[in-house]
*Asks:* 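Structure below; questions to follow.
Worth knowing before you read on, the calculation uses all heavy atoms, side chains too, and leaves out hydrogens, waters and symmetry mates.
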Amino acid sequence: MRGRRAGMGAAAFCALAVFACTIGWFRLRAANRPQLEIEVLAPAQEEQAAAMDRPRILIYHTHTWEAYEMEEGAIYEPTETWRTRDETQNMIRVGQELAEALRSLGFDVVQDTTAFEPPNITDAYNRSLQMIESRLAAGEHYDYVLDIHRDAYSGLFNGANGVTQDGMTMAYVMLLVGKGTGATGSGFDERPDWPQNLRLAQAITDAMNAIVPGISREVKVKTGRFNQHVSTHALLIEVGNNRNTLREALAACPVIAQAIADVHAAGGSP
């Protein structure tokens, strides 16, 4: 009996020795393992990090006070005919709608709401260019730079002044590209790479018409520059005209946003 107890004691001692050795091995391994560093991001940092991975768009409005035909529920105090300082009724409101539609599709959008028209609309493009250049000089990066306007009604718009789908009327859209040559042929010293801008404008136009047939008019190419020398992805977008209502202009914004998203997903302009 005494021998049996001695054997059991020896076995227990051996088990404890093995256990101690095992614990020692794990402690040694842990001591030699590189420390794991975990960076905990605050919610604001997480949002900023996610935004860095999203395509970025700058929206601005050189002709900030352009406005639409008034209707019930969309009355404003004019600065002159079809123009207003009221940001709920002028191009800033349209830019907000487009920005929200683009954000819902995964874009990081900055909208500059500076009024560039005062004190004189004739040099508004100089002031909006200064804004863009100051942002770029500060290190901001944008994949697309969009100047949002509304067009002037023309007698060429025979018949309907928009397209209707599912009972909702949407204003016509038109993209404008500038060559920078100037009306006299001398133009600007620094000009846009307008063929590239044109390819992008045409791709977005085609994408819009694929979503809602006929919503976008043909791309207009003009001799002006329209700040498009800052990027080959800089465009001027006319959302409706002064004979449209704000409601019709806002209805077109989701189509514009989806077309931009479709073109971007396809790798940009061909």
*Asks:* Judged by modelled atom types alone, do N241 and N244 share a side-chain donor-acceptor pair under 3.5 Å?
*Replies:*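 Indeed, the side chains of N241 and N244 share at least one donor-acceptor pair under 3.5 Å.
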
*Asks:* Hey, is the main chain of I148 close enough, under 3.5 Å, to the side chain of H61 for a donor-acceptor pair?
*Replies:*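 Yes, because the side chain of H61 sits within donor-acceptor range (under 3.5 Å) of the backbone of I148.
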
*Asks:* According to salt bridge (charged side-chain N to carboxylate O under 4.0 Å, His left out), who are the partners of E100, at least two apart in sequence or on a separate chain?
*Replies:*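 Only R103 meet the salt bridge (charged side-chain N to carboxylate O under 4.0 Å, His left out) criterion with E100.
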
*Asks:* Donor-acceptor check, side chain of R217 to backbone of V173, threshold 3.5 angstrom: yes or no?
*Replies:*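 Here the side-chain-to-backbone pair does not exist.
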
*Asks:* I want to check something: taking the side chain as every heavy atom from C-beta on, are I59 and L102 in contact at a cut-off of under 4.5 Å?
*Replies:*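 The answer is yes, as the side chains (C-beta and beyond) meet within the 4.5 Å cut-off.
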
*Asks:* State whether the side chain of Q111 and the backbone N or O of I92 hold a donor-acceptor pair below 3.5 Å, judged by distance alone.
*Replies:*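 Side chain of Q111 to backbone of I92, a donor-acceptor pair under 3.5 Å: yes, one is there.
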
*Asks:* Is there a donor-acceptor pair closer than 3.5 Å between any side-chain N or O of R127 and the backbone N or O of F116?
*Replies:*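 Judged by distance alone, yes, a pair lies under 3.5 Å.
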
*Asks:* Quick one: does S216's side chain have a donor or acceptor within less than 3.5 Å of a partner on M174's backbone?
*Replies:*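 Absent.
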
*Asks:* Which residue pairs satisfy the salt bridge (charged side-chain N to carboxylate O under 4.0 Å, His left out) criterion with at least one member in residues 181-197, sequence neighbours excluded?
*Replies:*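 Output for this query is empty, none listed.
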
*Asks:* Between P192 and K179, which heavy-atom pair has the shortest distance, and what is it?
*Replies:*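 P192 and K179 have their closest heavy atoms at CD-O, 3.5 Å.
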
*Asks:* So, H264 versus F107, ring centres under 6.0 angstrom or not?
*Replies:*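 Yes.
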
*Asks:* Would you call E71-R247 a salt bridge at under 4.0 Å N-O?
*Replies:*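 So E71 pairs with R247 through a salt bridge.
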
*Asks:* Any chain of hydrophobic side-chain contacts (each under 4.5 Å) joining Y76 to M91?
*Replies:*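 No, Y76 and M91 fall in different hydrophobic clusters.
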
*Asks:* Hey, are the side chains of R150 and V239 touching, using non-hydrogen atoms and a 4.5 Å cut-off?
*Replies:*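 A side-chain contact is absent here, since even the closest heavy-atom pair is not under 4.5 Å.
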
*Asks:* Under 30°, 30 to 60°, or over 60°: which ring-plane class applies to Y125 and F226, parallel, tilted or perpendicular?
*Replies:*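 Y125 and F226: perpendicular rings.
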
*Asks:* Mark yes or no for whether N242, through its side chain, and Y68, through its backbone, hold a donor-acceptor pair below 3.5 Å.
*Replies:*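 No, N242 side chain to Y68 backbone: no donor-acceptor pair under 3.5 Å.
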
*Asks:* Roughly how far, to the nearest 0.5 Å, is CD1 of I121 from OG1 of T62?
*Replies:*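 CD1 of I121 is found 9.5 Å from OG1 of T62.
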
*Asks:* Verify the distance criterion only: is there a donor paired with an acceptor across the side chains of N90 and T64 at less than 3.5 Å?
*Replies:*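 Side-chain D/A pair, N90 to T64: absent.
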
*Asks:* For T79, give me all partners under side chain to side chain contact (heavy atoms under 4.5 Å, CB included), at least two apart in sequence or on another chain.
*Replies:*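 Expected list: W65, R83, R85.
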
*Asks:* For F188, does the six-membered ring have the charged nitrogen or CZ of R225 within the cation-pi criterion, i.e. under 6.0 angstrom from the centroid and within 45° of the normal?
*Replies:*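 Yes - R225 lies over the ring of F188, closer than 6.0 Å to its centre and within 45° of its axis.
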
*Asks:* Do R56 and D143 meet the salt-bridge criterion of a basic N to acidic O distance under 4.0 Å?
*Replies:*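 No, D143 and R56 are not salt-bridged.
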
*Asks:* Can you tell me how far apart CD (E218) and CG (L175) are? Round to the nearest 0.5 Å.
*Replies:*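 Atom-to-atom, E218:CD and L175:CG are 12.5 Å apart.
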
*Asks:* Do Y60 and T113 make a side-chain contact, defined as non-hydrogen atoms from C-beta onward lying under 4.5 Å apart?
*Replies:*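 They are not in contact (no side-chain heavy atoms under 4.5 Å apart), so the answer is no.
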
*Asks:* Is a side-chain N or O of E69 found less than 3.5 angstrom from the main chain of T245, in a donor-acceptor match?
*Replies:*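 No, E69 side chain to T245 backbone: no donor-acceptor pair under 3.5 Å.
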
*Asks:* Quick check for you: to the nearest 0.5 Å, what is the distance between E87 atom CD and Q96 atom CD?
*Replies:*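 That separation rounds to 7.5 Å.
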
*Asks:* Measuring from W82:CH2 to R243:CZ, what's the distance to the nearest 0.5 Å?
*Replies:*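 Between atom CH2 of W82 and atom CZ of R243 there are 4.0 Å.
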
*Asks:* Are M208 and V94 connected, step by step, through hydrophobic side chains (Ile, Leu, Val, Met, Phe, Trp, Tyr) whose heavy atoms are closer than 4.5 Å?
*Replies:*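 Same hydrophobic cluster.
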
*Asks:* Grouping I, L, V, M, F, W and Y whenever their side-chain heavy atoms are under 4.5 Å apart, do L146 and Y142 come out in a common cluster?
*Replies:*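 Not linked; separate clusters.
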
*Asks:* Using the side-chain contact (heavy atoms from CB on, under 4.5 Å) definition, which of the options L176, D147, I256 pairs with I237?
*Replies:*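 Considering L176, D147, I256, a side-chain contact (heavy atoms from CB on, under 4.5 Å) with I237 is found only for I256.
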
*Asks:* If two hydrophobic side chains count as joined below 4.5 Å and joins carry through other members, does V263 share a cluster with I211?
*Replies:*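 V263 clusters together with I211.
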
*Asks:* For T169 and T164: C-alpha separation, side-chain torsions, deciding distance, then whether side chain to side chain donor-acceptor pair (under 3.5 Å) applies.
*Replies:* CA-CA 4 Å; T169 300; T164 301; 3.1 Å; yes

*Asks:* Do E248 side-chain atoms and A171 backbone N/O form a donor-acceptor pair below 3.5 Å?
*Replies:*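 Answer holds: no.
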
*Asks:* Looking at H149 and E238, what are the two nearest heavy atoms and their distance?
*Replies:*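 Between these two residues, the closest heavy atoms are CB-OE1, 3.4 Å.
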
*Asks:* Is R135 salt-bridged to D112, going by a charged N under 4.0 Å from an acidic O?
*Replies:*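 A salt bridge is present here (some side-chain N lies under 4.0 Å from a carboxylate O).
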
*Asks:* Which pair of non-hydrogen atoms, one from V177 and one from W194, has the smallest distance, and what is that distance?
*Replies:*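 Between these two residues, the closest heavy atoms are CG1-O, 3.9 Å.
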
*Asks:* Between atom CG of L98 and atom CZ of R93, what is the distance when rounded to the nearest 0.5 Å?
*Replies:*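 Interatomic distance, L98 CG to R93 CZ, rounded to 0.5 Å: 11.0 Å.
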
*Asks:* Would you say V110 ends up clustered with L129 if hydrophobic residues are merged whenever their side chains have heavy atoms under 4.5 Å apart, either directly or through other cluster members?
*Replies:*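 Yes.
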
*Asks:* Taking the side chain from E97 and the backbone from C253, do they hold a donor-acceptor pair closer than 3.5 Å?
*Replies:*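 No; judged by distance alone, with no hydrogens or angles, the pair does not exist.
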
*Asks:* Verify the distance criterion only: is there a donor paired with an acceptor across the side chains of D262 and Q258 at less than 3.5 Å?
*Replies:*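 Judged by distance alone, the side chains do pair up.
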
